[in-house]
Every structure is written in C-alpha cells, then in structure tokens.
**Student:** 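Before I ask anything, here is the structure I am working with.
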2 protein chains.
Amino acid sequence: MNKINDIFKDKNLKLTPQRYAIYKFLKSVKTHPSAEMIYNELKQDYPTMSLATVYKTLKTLIELNLVQELNVGEDNFRYDANVDIHPHIICLNCGKVDDIENTNFDNLKKDVLSYTDYDVLSYKLYFYGICSECKKGR
Amino acid sequence: MNKINDIFKDKNLKLTPQRYAIYKFLKSVKTHPSAEMIYNELKQDYPTMSLATVYKTLKTLIELNLVQELNVGEDNFRYDANVDIHPHIICLNCGKVDDIENTNFDNLKKDVLSYTDYDVLSYKLYFYGICSECKKGR
DNA sequence: CTGTGTGCAAAGCATTTGCAAAATA
DNA sequence: TATTTTGCAAATGCTTTGCACACAG
C-alpha cells in the first residue's frame, strides 16, 4: 500500500491513521460498505474517530480516485476501493452488494457512442436480483 | 390515458386530480424530473398542491409500476414514466438526464446470468458524459 | 511551527410521517 | 357516507459544515 502514501504526498495531503485505516479497510473488503458501516467497523480500533471524519475522508479518497461511490438505490451511498469500472449486483432481499467479475463490457461503451451525441466518459451498471443465500433460505 | 384509470380502479385507489396531473406530466416530458421539479411545474396549475403529495403520489405510481425511479448519482431521485428498462445518460456538465434510445441490451442480462449465481431480475444502466449543447458551449 | 485534519455539535436537504380537514367513489 | 387522500408542519436520516483543538510534516 505504497500507492496511497505517494498520492497523498503528491497532493500535500496528510496521511493520518484515520485516512489510512479507512482506505485499508475498504481495500480489504468486498461488501461495499456505507459510511456508517465503515464507522462502526473502525470504531473498535479507533474509538475516538467520528462519523464526520469518515465522510470527509471518503470525499477526499473519491477526489483522488482511490475510491468510487455507488448509488445502488438505497437511501445512502456505498463505497468501493476498486475504482475500475465494473458492474454490481444488489440482492433485493438482503441488500447485499456484490461485484460481477470476469465480465467484459468494453464494447458497451462503444455501442452507446453510436446511439448518442454525448461524449461518453464513464458508466455504471447495476443489476438487481436474489442472491444464492437468499434463494436457499426459502 | 385510460390505462391509469383502470389500474387505479383495480386497486381501489382514487384517481385524484393531483395524481392524474403528476402522471400526465411525467408522461409528457423527457427530462426525468426530480420531485421538486415536478412540484414547481405543477404548482402553476395546482397552487394548493404540496410537495408531500408529489412524493406520496410518486411512491404510489412506482408501486403500480407506472413510474420508475432513477438514481443518477445526485442527491435526489429522478422519475421516468417510461417503465421499460432502458439506459440513461447524464451530462456531467449541465446535469441533464436523457434516454438512450434504439439500443438493445437484451443480451446483457443473459451475459450477467452466466457470471453470477444471483437470479437476475432487472438492471439499470447509467452512462456519464458531455451532451452536445455543452460541447458546443466551450 | 504552520497549516491541515479531527471530532463534536449543529445545520442542511431530500424524503417521510402524523393528523385534521377535504375530497373521492 | 365511508374511506382515502391532501396539505401542512414536524420529524427523520444521511451527509455536510463550522470551529476549536490536536497533530502531521
């Protein structure tokens, strides 16, 4: 995790323990947590950290393109330290957010370019369904 | 617009002038307005209507599958009376939300099915870029 | 040392809710 | 007439902000 160190130095930002912990946690996890979830998790190791710091740090990390924000359709945002464009799938039953991996939608952007007069810069794909655990439990 | 009349009758819901106006307005417009935008627009013809009624009506229309909610990544929701699954494109400069028409992403859902163990029920596609008006104005 | 970041509490905003009055079927 | 819906205001919940103190560089 040297990358973040250099990026922060580059921008004359301070890499505080809180910032490092939030990024490291997001990197280590595939659950796409909300700010509140991150806060509750890190409270154990950083009991004095406030929710406001989590929000401020997330905003900073997004500006540095180290984290992306997901809008799955809940009342809050989810965060993902994998900033590559990749689709997500949300369980309509338990609310879990998963990556869809190994897919290749590179051609999608090209397709869209031919249907619109926008300059297309990026995209977000959200799929909705029922996860395997929720399917079992019925 | 007989459809809405029958659907409301079916569910023993009352088709009030406010509800009808909100649906008719959404049907007539391609701008994917927010609740506030709808409210401001209809205030002219329905000066006593409240924002709360707009929200309540939108919720009802969504439950009836007459309207879909869009999560373009702003701090509020947008609404679309075209409930067919279709991609949207958002101008990062002016915030405009457009439909992408004539596209066919039917195969997309099938692709995803092969990459996930979810039952895939629906999906939302959001593209981001710069619209032609904003491109000109530079 | 100096300026940036943290933590707290308060503020902001979109959305929801409770309830009495009004309107629909 | 019996419910449902409206409109108002207050409440809610997520996120942001202001500010004094603490801390990283």
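Throughout, a chain's letter reflects where its sequence line sits, starting with A, and its residues are numbered from 1.
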**Student:** Please work out if A:T48 contacts a base, only the sugar-phosphate, or nothing of the nucleic acid, heavy-atom cut-off 4.0 Å.
**Tutor:** sugar-phosphate
**Student:** Give A:P47 one of three labels, base, sugar-phosphate or nothing, depending on what nucleic acid heavy atoms sit under 4.0 Å from its own.
**Tutor:**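 Counting heavy atoms under 4.0 Å across all strands, no contact is made by A:P47.
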**Student:** I need the NZ-C1' distance between B:K14 and D:dT1, as an integer number of Å.
**Tutor:**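 For the pair B:K14 NZ and D:dT1 C1', the rounded distance is 10 Å.
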**Student:** For A:K43, I'd like to know if atom NZ has over 12 heavy atoms of other residues, nucleotides or ligands within 6.0 Å.
**Tutor:**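 Count over threshold, so yes.
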**Student:** Find the distance B:N5:CG to C:dT24:C1' and express it as a whole number of Å.
**Tutor:** 13 Å
**Student:** Among C:dA25, C:dC8, D:dA24, which nucleotide sits nearest the side chain of A:S50?
**Tutor:**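 Nearest listed nucleotide: C:dC8.
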**Student:** Measure across B:Y126 and B:L70 and return the closest heavy-atom pair with its distance rounded to 0.1 Å.
**Tutor:**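 Nearest pair, atom of B:Y126 first, then B:L70: OH-CA, 3.6 Å.
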**Student:** Is the distance from OP1 or OP2 of C:dT15 to the nearest side-chain N or O of B:Y55 less than 4.0 Å?
**Tutor:**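 Yes, within the criterion.
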**Student:** Under 4.0 Å, heavy atoms only, any strand: does A:K59 hit a base, just the sugar-phosphate, or nothing?
**Tutor:**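 Answer is sugar-phosphate: A:K59 comes under 4.0 Å of backbone atoms only.
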**Student:** Report yes if a side-chain nitrogen or oxygen of B:S34 is closer than 4.0 Å to either non-bridging phosphate oxygen (OP1 or OP2) of C:dA14; otherwise report no.
**Tutor:**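 Indeed not, no polar side-chain atom of B:S34 lies that close.
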**Student:** Using heavy atoms to find the nearest nucleotide of DNA chain C for B:A52 and A:L13 separately, return the residue whose nucleotide is more 5′.
**Tutor:** A:L13
**Student:** Send over the distance from B:K43 NZ to D:dT6 C1', rounded to a whole Å.
**Tutor:** 17 Å
**Student:** Please pick, from D:dT15, C:dG5, C:dA23, the nucleotide with the shortest atom-to-atom distance to any side-chain atom of A:F77.
**Tutor:**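 Comparing D:dT15, C:dG5, C:dA23 against the side chain of A:F77, the answer is D:dT15.
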**Student:** With a 4.0 Å cut-off on heavy atoms, is A:T53 in touch with a base, just the backbone sugar-phosphate, or nothing at all?
**Tutor:** base
**Student:** Whole-Å distance between C:dA25 P and B:Y20 OH?
**Tutor:**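 Taking OH of B:Y20 and P of C:dA25, I get 13 Å after rounding.
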**Student:** Give a yes/no on whether any side-chain N or O of A:Q18 is located under 4.0 angstrom from OP1 or OP2 of D:dC23.
**Tutor:** no
**Student:** From C-beta outward on A:N76, which listed nucleotide comes closest to its side chain: C:dT6, D:dG25, D:dT15?
**Tutor:** D:dT15
**Student:** Taking CD from A:E69 and C1' from D:dT15, how many angstroms apart are they, rounded to a whole number?
**Tutor:**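 In whole Å, D:dT15 C1' and A:E69 CD are 10 Å from each other.
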**Student:** In whole Å, I'd like the distance from the CG atom of B:L58 to the P atom of D:dT5.
**Tutor:** 15 Å
**Student:** Measure across A:T60 and A:R19 and return the closest heavy-atom pair with its distance rounded to 0.1 Å.
**Tutor:**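 Nearest heavy atoms, A:T60 then A:R19: OG1-NH2, 4.0 Å.
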**Student:** Atom CZ of A:R19 to atom P of C:dG7: distance rounded to whole Å?
**Tutor:** 11 Å
**Student:** Over all heavy atoms of both residues, which pair between B:A35 and B:Y79 is shortest? Give the atoms and the distance, please.
**Tutor:** N-CE1, 3.8 Å
**Student:** How long is the span from the CG atom in B:L51 to the CD1 atom in B:I38, to the nearest 0.5 Å?
**Tutor:**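 It comes to 9.5 Å.
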**Student:** Which nucleotide in the list D:dC14, C:dT24, D:dT15 gets nearest to the side chain of A:A35?
**Tutor:**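 It is D:dT15.
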**Student:** Nearest whole Å is fine: how far is C:dC13 P from B:Y39 OH?
**Tutor:**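 Whole-Å distance recorded here is 17 Å.
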**Student:** Please find the pair of heavy atoms, one from B:A81 and one from B:V67, that lie closest to each other, and give the distance.
**Tutor:**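 Heavy atoms only, the tightest pair is CA-CG2, 4.2 Å.
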**Student:** Out of D:dT6, D:dC14, D:dT4, which nucleotide sits closest to the side chain of B:K56?
**Tutor:**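 Shortest atom-to-atom distance from the side chain points to D:dT6.
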**Student:** So which one's nearest nucleotide on DNA chain D is more toward 5', B:N12 or B:Y46?
**Tutor:**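 Comparing both residues, the 5'-ward one is B:N12.
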